[in-house]
Amino acid sequence: MKRTLITPLLMACLTGASAQETTPIDRLFDQLEDILGTTKRLTKGNYGRGTTIDASCYVHGGEFCSKEVCGHGPDNGNAEVLEKANRVAVQRFDRALAAIRHCLDSISALPNVEESYHLETHQHGIDTIQYSICLTSGGNPNRLIDKRQHGYNASYSDMPGAEIIKFYCNTVVKPCGQHVSEDGHLQYKYIKKMGDSFKNTTFEWEKFLQTITPLLNQRGITQRKINWVREEAATDSLGSDYIASMSMTLEDGTVTTAGETSGTVYFIPSDRQALAESVLSGVKAALESHIDTYPEQGYQYNYNVEFVPIADPDITREKQLFRTTFWGDNELVPNDHQIYVGTDIYGYYVLVLDTKGCMWLPREWSRLKSFVNGKKTYHKGLKPLGAKPGILRRSSPLHLRL
């Protein structure tokens, strides 16, 4: 197979400084990561209204249970250890809430903030906390959804030009009736307002592929072609055969889960980490350059996607780096393109995929050459011990609506 060598000039162009999007609450996100270990999810996309920046993280906390203390949870036989762990967990979550309150109260008090809403209720140890802050409405009227109708779910509409911060946190009593858990979510969203001449267009996938093909064709990278087909009648379980799935509602109101995904899985051995990191950096730089140059094209780009080290031979890790969904001419199903980043104990993977219809990601994505009509065919030398190609067991599928 012919390999394309990467020149130093090309690599320099593709791996230039990445200008990751910033938000007014980045320092708060960093604090929450230090306190709770949370990870910020940062995306940039055009979903039909122009460029949208979305940064968010979940804020979880709560107490632990044990059979000795409350009759629930593990049998650890040490109530003193549990009490200490719960004390530390509560203190940690209180620190996180204090940081959130301080930051959002400070922002709400700024003179240039258009409108803000803050609600807290505390009843018998059950807390509800919500902030909705409209930094700017972009000239849109009726910014705040009616508080009287929605109670503590009061929020601001996501409209072009709007810049919004939202936070909610609810306390839930655990089944034991003695301990509680806290579930919160912090989000910043900004939808860039485009000019009157702005028109959304289809992502130029083939044009973009030309920029990353030299990166992926380097010496030391193995290419594996794949074809994964899921028929409409298939009812394979998400838990047993797939790790990601989707369904679509068609124009006539019916739901489809059928689809075909083809493409190339690029594999880099585990002892070539430097090569893997440089390839991922180059792919990211190329993506960011393309979407900044052509913001009118439909896409979703996920920042902070990296290779995750794996030590367990039975585990793979994968995250979607990029996707573009569009409706083809005179077609009822979308043509979709995705880039996934994955790892296992053998090495690093970049999945460049094309989907017609619904995309279902097989659990054995790193091994499967084809998965058609319930029959598995593995790449040469990658068939797991005991695996037998054939019809898979059937059970109820999990569907996700678009």
Side-chain angles (χ1 to χ4, degrees), residues 47 202-203 205-206 209 222-267 298-300 302 314-342 344 349-402:
Y47 311 105
T202 297
F203 190 87
W205 181 248
E206 296 301 326
L209 286 183
T222 301
Q223 301 182 18
R224 302 171 182 168
K225 298 296 182 181
I226 61 93
N227 183 238
W228 305 324
V229 179
R230 186 180 190 281
E231 291 184 323
E232 187 66 61
T235 56
D236 306 287
S237 165
L238 185 70
S240 62
D241 300 318
Y242 297 96
I243 52 178
S245 69
M246 63 178 285
S247 65
M248 294 180 297
T249 301
L250 304 180
E251 290 183 352
D252 61 1
T254 60
V255 176
T256 180
T257 59
E260 178 176 1
T261 296
S262 59
T264 306
V265 175
Y266 296 89
F267 169 70
Y299 69 93
Q300 177 178 289
N302 300 313
D314 296 324
I315 292 179
T316 59
R317 288 284 186 266
E318 61 291 315
K319 280 192 173 182
Q320 187 180 83
L321 176 67
F322 183 81
R323 74 170 296 179
T324 171
T325 301
F326 62 91
W327 291 90
D329 294 338
N330 301 317
E331 294 179 348
L332 291 177
V333 293
N335 300 301
D336 198 6
H337 309 283
Q338 311 97 19
I339 298 177
Y340 276 79
V341 172
D344 61 15
Y349 302 81
V350 177
L351 290 70
V352 180
L353 307 175
D354 300 304
T355 297
K356 172 88 170 177
C358 296
M359 196 276 200
W360 286 64
L361 184 64
R363 183 169 297 279
E364 297 179 288
W365 57 263
S366 64
R367 298 173 178 269
L368 283 174
K369 179 178 182 180
S370 66
F371 191 5
V372 180
N373 300 330
K375 184 176 181 179
K376 295 181 179 181
T377 301
Y378 295 91
H379 292 286
K380 184 177 180 179
L382 297 181
K383 180 179 178 181
L385 295 176
K388 296 180 180 180
I391 303 300
L392 300 165
R393 62 185 180 277
R394 305 296 185 183
S395 57
S396 298
L398 172 65
H399 299 300
L400 302 177
R401 292 179 63 88
L402 284 180

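From a predicted model like this one, the values you see are computed outputs, not experimental measurements.
- Side-chain contact between Glu364 and Phe371 is absent, with no heavy atoms from C-beta onward closer than 4.5 Å.
- Minimum interatomic distance between Thr256 and Cys358 (heavy atoms only, all atoms of both residues): O-SG, 3.3 Å.
- Side chain of Arg230 to backbone of Thr261: no donor-acceptor contact under 3.5 angstrom is found.
- Looking only at distances, a side-chain donor or acceptor of Arg367 sits under 3.5 Å from a matching main-chain atom of Leu382.
- Rounded to the nearest 0.5 Å, atoms NZ (Lys369) and NZ (Lys380) are 10.5 Å apart.
- Tyr349 pairs by the ring pair (Phe, Tyr, Trp, His ring centres under 6.0 Å) definition with Phe267, Trp365, not counting sequence neighbours.
- A heavy-atom distance below 4.5 Å is found between the side chains of Ile243 and Arg363.
- Atom CZ of Arg224 has more than 12 heavy atoms from other residues, nucleotides or ligands within 6.0 Å.
- Separating the CD1 atom in Ile226 from the OG atom in Ser370 is a distance of 9.5 Å, to the nearest 0.5 Å.
- Counting all heavy atoms, side chain and backbone alike, Trp205 lies closest to Val352 at CZ2-CG1, 3.7 Å.
- Atom-to-atom distance recorded for Asp336:CG and Met359:CE is 8.0 Å, nearest 0.5 angstrom.
- Side-chain contact between Val341 and Lys319 is absent, with no heavy atoms from C-beta onward closer than 4.5 Å.
- Distance check, rounded to the nearest 0.5 Å: CG of Asp354 to CG of Asn227 gives 11.0 Å.
- Taking all atoms of both residues into account, the shortest heavy-atom contact from Tyr47 to Tyr299 is CE2-O, 4.1 Å.
- Separation of atoms CZ (Arg323) and CD (Gln300) is listed at 7.0 Å; rounding is to 0.5 Å.
- The closest side-chain heavy-atom distance from Trp360 to Thr257 is below 4.5 Å.
- Nearest heavy atom pair, residue Ile315 against residue Asp344, reads O-CB, 3.8 Å.
- The minimum heavy-atom distance between Trp228 and Leu368, with the atom names listed, is NE1-O, 3.4 Å.
- By the 4.5 Å heavy-atom criterion applied to side chains, Leu351 and Gln338 are not counted as neighbours.
- Under a 3.5 Å cut-off, the side chain of Asn302 and the backbone N or O of Gln320 do form a donor-acceptor pair.
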